[in-house]
Enquirer: 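First the structure, which I've put down as structure tokens, then a few questions once you've had a look.
Quick caveat, the model's predicted, so the values are computed rather than measured.
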Amino acid sequence: MGTVLIGAAALVAVILVHALLERQAFRLAALVFDTYQDLKPREATDPPVAVVDIDEASIARLGQWPWSRRIVSDMVTSASALGAAAIGFDIVFSEPDRTAPIRMAEEMRRQGVALDLPASLLPDPDRLLAETINDDPVVIGIALTNEHSSPVPPPKAGFSFLGADPSSRVNEYSGALANLSVLTDAADAMGYFSFPPSSDNIVRSFPLVSRANGHLYPALSVETLRIAQQAGSYIIRTAGTDANPAITDLRVGALDVPVSAGGELWIYYSGMPKMPVISAADLIDPAKRAAIAPLIEGRILLVGTSAVGLRDLVATPLDPAMPGVRVHAEIIDQITSGIFLQRPDWITGAERSATLAAGLIMLAVLWLASPAIGAAAAVVLATLVASGSWIAFSHHLLLFDPLQPLFGIAAILLTTLPLLLMVSHREKRFVRESFGRYLAPALVERLSEHPEALKLGGEDRELTILFSDIRGFTALSETLEPTELTSLLNGFLTPMTDVLLKREATIDKYIGDAIMAFWNAPLDIANHPAKGCQAALDMVAAVDALNRDRGTHLKIGIGLNTGMACVGNLGSDQRFSYSCLGDSVNLASRVEGMTKLYDLPVLVTEEVRLRAEGFVFAEIDLVRVVGRKAPVMLHALIGQVGDPALAVSAALLNRHAGLIAAWRSGDFAAARAALADLAELARQELTPLSGLFCGTHRIYRERLESLPADAPADWDGIYAATRK
């Protein structure tokens, strides 16, 4: 239980640390989501957007950037003439055109050149571009920043709210890198394109709404979408309280865009392999007009740069160096296709709930099962969590972070598994030390691998119990020196122990020359009555072999019984042993004692005879043993079915059965006749069993001699034993 509590503490620690370091933890989750996008990017479409690229080829043809505003004006005019729905600039024109004639004249005058030209003859390219912007559907770009507090021009678009004003939830900026005032005044639309900083500089999301100087500003992408639809203001839908409203979606014309509470869109990249990319130089080349016209008509154009020297490259989940203008194009394409990745506010609670559920399952498994099963359960749970996260992404576009549940599973496993292994090792050592003396090595190993099969303290189980001892041992011990007696006992007990362990017995104890053993505890033993019978026959054979080898004349008696008993670690806190007790145990001991009376090596109860298939038994007597009221049917264990030695003794066994039947029925005359036949048969034909029943038949002869000719009226055939 203590180990489980440690695992529970580790689980709680993971949840708390993740909550405290949520922003740092989300960096790892973002890498998982990047992998998902890499495995399954958004399906590529024929997008409604195209990019006019100020690329290396255009710079080589038109000269160093920045170009004359006249060239930029020509680009806008050409794009508008070719049917562009809207033109957005991922560029800021923050400084006057250095190629303007009026500025060139001023420079010549500073250098001492006498030049007097009226201003009307010196056209201003910035004003020309402003006029073009005013006449065409152009969105100028600005860069919002917190690096300085430069004035931010007033927004061009308005916002209305369905719900509370969410301005407090969006990104706040102190300044902006803006266009020349002449361009700003001429423009009907303006959007920001600056990427907010991230911990690893990978662009995964983009705020579609931000705040500066108390006003809301739209992103360049949604602003070009608004102009392309000729829509008016934006509509922001919010939820939550007035004090802390959360944005749910942004409406741009006819398009609804689900966003985060702070107005961010999680970008689902496709790479846009089908998007037209037009070199800026080709856009103003009359010879290329016919070729590029189909690429522009009806599309939104974003003007940006891929030239390395202009440093507008960003890292994305799909590309470590993507031109920034393509990110804005991805946003437009994603919004128009209606495919959105979602990470709603409730997902954090769901992730914590999943962590708690997975952790509790792990703790339950580790509490109830072995460390190996616990490790397997961890693998299964981790697979389910990871698979569930992937399915949530691939089928439902839901960003579910699998790392917190995985960390919870790992924390539990790393804290509890070493302790469980240590406890398991200690249990195995305890089992080996406790049962190595009682069980066969194979059974000890099985029990050490599955200690849960051992219920300490006692349990009721069906057992087959064996008692055995040496006949006449007390008299024998009086004739031997202690060392000789010890040698004799060790020489006897060793082969007996080997036989019992070979037959999967649990050796309970040695009591001088006596041995107590049982089957079916602590592990289940199939056909345990039969195994007990086989062990008894093997013990008799082992004693015969011992007598031949050592020249001794030892004889043993064995009693077997099958029944319910309480088995477990019995004793005191200072000393205990694995043993069994109960009426069935006492009966087995009494049966062993009866072998002395009938002079038989092995006696078994009726329960053993019925359950042990494949053996030959001979009924001996119905006895009321000392300490029990109910009589017990005793049978002699003769051997195994199919033993050739028993075939020649069939007549003897049949006549013995006749004797027992006559005795039981009270037909004393038939019983006396049967005894006479048995004696004659023994004289005429020596068989392997000729001497086996001598003691038994002598007992019956003595009983019949002391009884009248006819049985009493209350005759039941039960013999009442007077000693154990």
Enquirer: Ignoring hydrogens and geometry, is there a side-chain-to-backbone donor-acceptor pair from Ser389 to Val385 under 3.5 Å?
Expert: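 No, because the side chain of Ser389 does not come within donor-acceptor range (under 3.5 Å) of the backbone of Val385.
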Enquirer: Do Ile699 and Glu702 make a side-chain contact, defined as non-hydrogen atoms from C-beta onward lying under 4.5 Å apart?
Expert: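 Heavy-atom side-chain distance check passes, below 4.5 Å.
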Enquirer: For the residue pair Thr696 and Leu600, what are the closest heavy atoms and their distance?
Expert: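 Answer, listing the atom of Thr696 first, then Leu600: OG1-CD1, 3.6 Å.
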Enquirer: Taking everything shown except Glu481 itself, do over 12 heavy atoms lie less than 6.0 Å from its CD?
Expert: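 12 or below, so no.
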Enquirer: Do you know which two heavy atoms are closest between Thr506 and Ala521, and how far apart they sit?
Expert: OG1-O, 2.6 Å
Enquirer: Can a donor-acceptor pair be found, under 3.5 Å and without considering hydrogens, that links the side chain of Arg672 to the backbone of Leu704?
Expert: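 Side chain of Arg672 to backbone of Leu704, a donor-acceptor pair under 3.5 Å: yes, one is there.
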Enquirer: So, do Leu652 and Leu678 sit near enough that their side-chain heavy atoms are less than 4.5 Å apart?
Expert: yes
Enquirer: Test: side-chain hydrogen bond (donor to acceptor under 3.5 Å, both in side chains). Region: residues 527-544. Which pairs qualify, not counting sequence neighbours?
Expert: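 Passing the test, one end in residues 527-544: Glu462-His528, Thr464-His528, Arg503-Asp538, Gln534-Asp538, Gln534-Gln640.
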Enquirer: CZ/Arg611 to CD/Glu606 distance, rounded to the nearest 0.5 angstrom?
Expert: 12.5 Å
Enquirer: Under the side chain to side chain contact (heavy atoms under 4.5 Å, CB included) test, which residues partner Asp677, sequence neighbours left out?
Expert: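 If we apply the side chain to side chain contact (heavy atoms under 4.5 Å, CB included) test to Asp677, skipping adjacent residues, the hits are Arg655.
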Enquirer: Between Asn520 and Leu463, is there a donor-acceptor pair closer than 3.5 Å when you use the side chain of the first and the backbone of the second?
Expert: no
Enquirer: Please examine the side chains of Thr348 and Glu22, heavy atoms only from C-beta on, and report whether any two atoms are closer than 4.5 Å.
Expert: yes
Enquirer: Measuring only between side-chain heavy atoms, which start at C-beta, is Leu466 closer than 4.5 Å to Met539?
Expert: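 Result yes, sub-4.5 Å side-chain heavy-atom pair found.
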Enquirer: For Pro601, what residues pass the side chain to side chain contact (heavy atoms under 4.5 Å, CB included) criterion, not counting sequence neighbours?
Expert: Val540, Leu692
Enquirer: If I compare all heavy atoms of Ala671 with all of Leu659, which pair ends up nearest, and what's the gap?
Expert: O-CD1, 3.5 Å
Enquirer: Could you check Arg701 against Glu705 for salt bridge (charged side-chain N to carboxylate O under 4.0 Å, His left out), going step by step and ending with a plain yes or no?
Expert: CA-CA 6 Å; Arg701 188 174 296 109; Glu705 289 175 353; 5.5 Å; no
Enquirer: Under the criterion side-chain contact (heavy atoms from CB on, under 4.5 Å), I'd like the reasoning laid out for Met633 against Arg609: C-alpha separation, chi angles, the key distance, then a yes or no.
Expert: CA-CA 10 Å; Met633 182 70 71; Arg609 185 192 71 82; over 6 Å; no
Enquirer: Looking at Thr562 and Val608, would you say the former's side chain and the latter's main chain have a donor-acceptor pair under 3.5 Å?
Expert: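 Pair absent, no side-chain N/O of Thr562 close to backbone of Val608.
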Enquirer: Measuring from Met594:CE to Arg590:CZ, what's the distance to the nearest 0.5 Å?
Expert: 11.0 Å
Enquirer: Do Glu613 and Val641 come within less than 4.5 Å of each other through their side chains, counting heavy atoms only?
Expert: no
Enquirer: One pair to check against side-chain contact (heavy atoms from CB on, under 4.5 Å): Leu485 and Phe473. What are the steps and the verdict?
Expert: CA-CA 10 Å; Leu485 183 62; Phe473 180 74; 3.5 Å; yes
Enquirer: Given Glu459 and Val567, is the side-chain contact (heavy atoms from CB on, under 4.5 Å) satisfied, shown in steps?
Expert: CA-CA 5 Å; Glu459 61 172 325; Val567 60; 4.1 Å; yes
Enquirer: Tell me the ring-ring contact (aromatic ring centres under 6.0 Å, His included) pairs involving residues 689-724, sequence neighbours left out?
Expert: His656-Phe693, His656-His697, Trp663-Tyr700, Trp663-Trp715, Phe668-Trp715, Phe693-His697
Enquirer: When rounded to the nearest 0.5 angstrom, what is the spacing between CD in Glu504 and CD1 in Ile525?
Expert: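 Answer for the CD-CD1 pair, Glu504 versus Ile525, is 4.5 Å.
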Enquirer: Once you round to the nearest 0.5 Å, how far does CZ of Phe617 lie from CG of Leu610?
Expert: 9.0 Å
Enquirer: Considering residues at least two apart in sequence or located in another chain, which fulfil the side chain to side chain contact (heavy atoms under 4.5 Å, CB included) criterion with Ile511?
Expert: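 Listed in chain order: Lys509, Ala514.
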Enquirer: State whether the side chain of Ser477 and the backbone N or O of Thr474 hold a donor-acceptor pair below 3.5 Å, judged by distance alone.
Expert: yes
Enquirer: If we ignore hydrogens and angles and just use 3.5 Å, is the side chain of Ser353 paired with the main-chain N or O of Gly349 as donor and acceptor?
Expert: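 Such a contact is found between Ser353 side chain and Gly349 backbone.
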Enquirer: Out of Val602, Thr605, Val616, Val604, which one pairs with His635 under the side-chain contact (heavy atoms from CB on, under 4.5 Å) rule?
Expert: Val604
Enquirer: Atom CD of residue position Gln24 - does it have more than 12 heavy atoms of other residues, nucleotides or ligands inside 6.0 Å?
Expert: yes
Enquirer: For His18 and Leu403: C-alpha separation, side-chain torsions, deciding distance, then whether side-chain contact (heavy atoms from CB on, under 4.5 Å) applies.
Expert: CA-CA 10 Å; His18 191 278; Leu403 295 183; over 6 Å; no
Enquirer: Could you report the tightest heavy-atom contact between Ser589 and Phe467, atom names first, then the distance?
Expert: N-CD1, 3.5 Å
Enquirer: Is the side chain of Arg461 donor-acceptor paired with the backbone N or O of Pro522 at a distance under 3.5 Å, no angle test?
Expert: yes
Enquirer: I'd like to check Leu488 versus Leu476 (side-chain heavy atoms, cut-off strictly below 4.5 Å). Are they in contact?
Expert: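 Yes, their side chains come closer than 4.5 Å.
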Enquirer: CG/Leu366 to OG1/Thr415 distance, rounded to the nearest 0.5 angstrom?
Expert: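 So the CG of Leu366 and the OG1 of Thr415 are separated by 8.5 Å.
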Enquirer: Would you please name every residue forming a side-chain hydrogen bond (donor to acceptor under 3.5 Å, both in side chains) with Asp469, sequence neighbours left out?
Expert: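 Asp469 satisfies side-chain hydrogen bond (donor to acceptor under 3.5 Å, both in side chains) with Arg471 once adjacent residues are dropped.
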Enquirer: Any side-chain heavy atom of Thr35 within less than 4.5 Å of one from Leu31?
Expert: no
Enquirer: Would you say the side-chain atoms of Ser584 and Asn561 include a donor-acceptor pair closer than 3.5 Å?
Expert: no
Enquirer: Using every non-hydrogen atom in the two residues, find where Val585 and Ala565 come nearest and quote the distance to one decimal.
Expert: CG2-CB, 4.0 Å
Enquirer: Any non-hydrogen side-chain atom of Tyr598 less than 4.5 Å from a side-chain atom of Leu634?
Expert: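 Tyr598 reaches Leu634 side chain to side chain.
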Enquirer: Quick one: closest heavy-atom pair of Ile718 and Pro631, and the distance?
Expert: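 Closest approach of Ile718 to Pro631: CD1-CG, 3.8 Å.
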Enquirer: Any chance you could measure Asp513, atom CG, to Ile556, atom CD1, to the nearest 0.5 Å?
Expert: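 Those atoms lie 10.5 Å apart.
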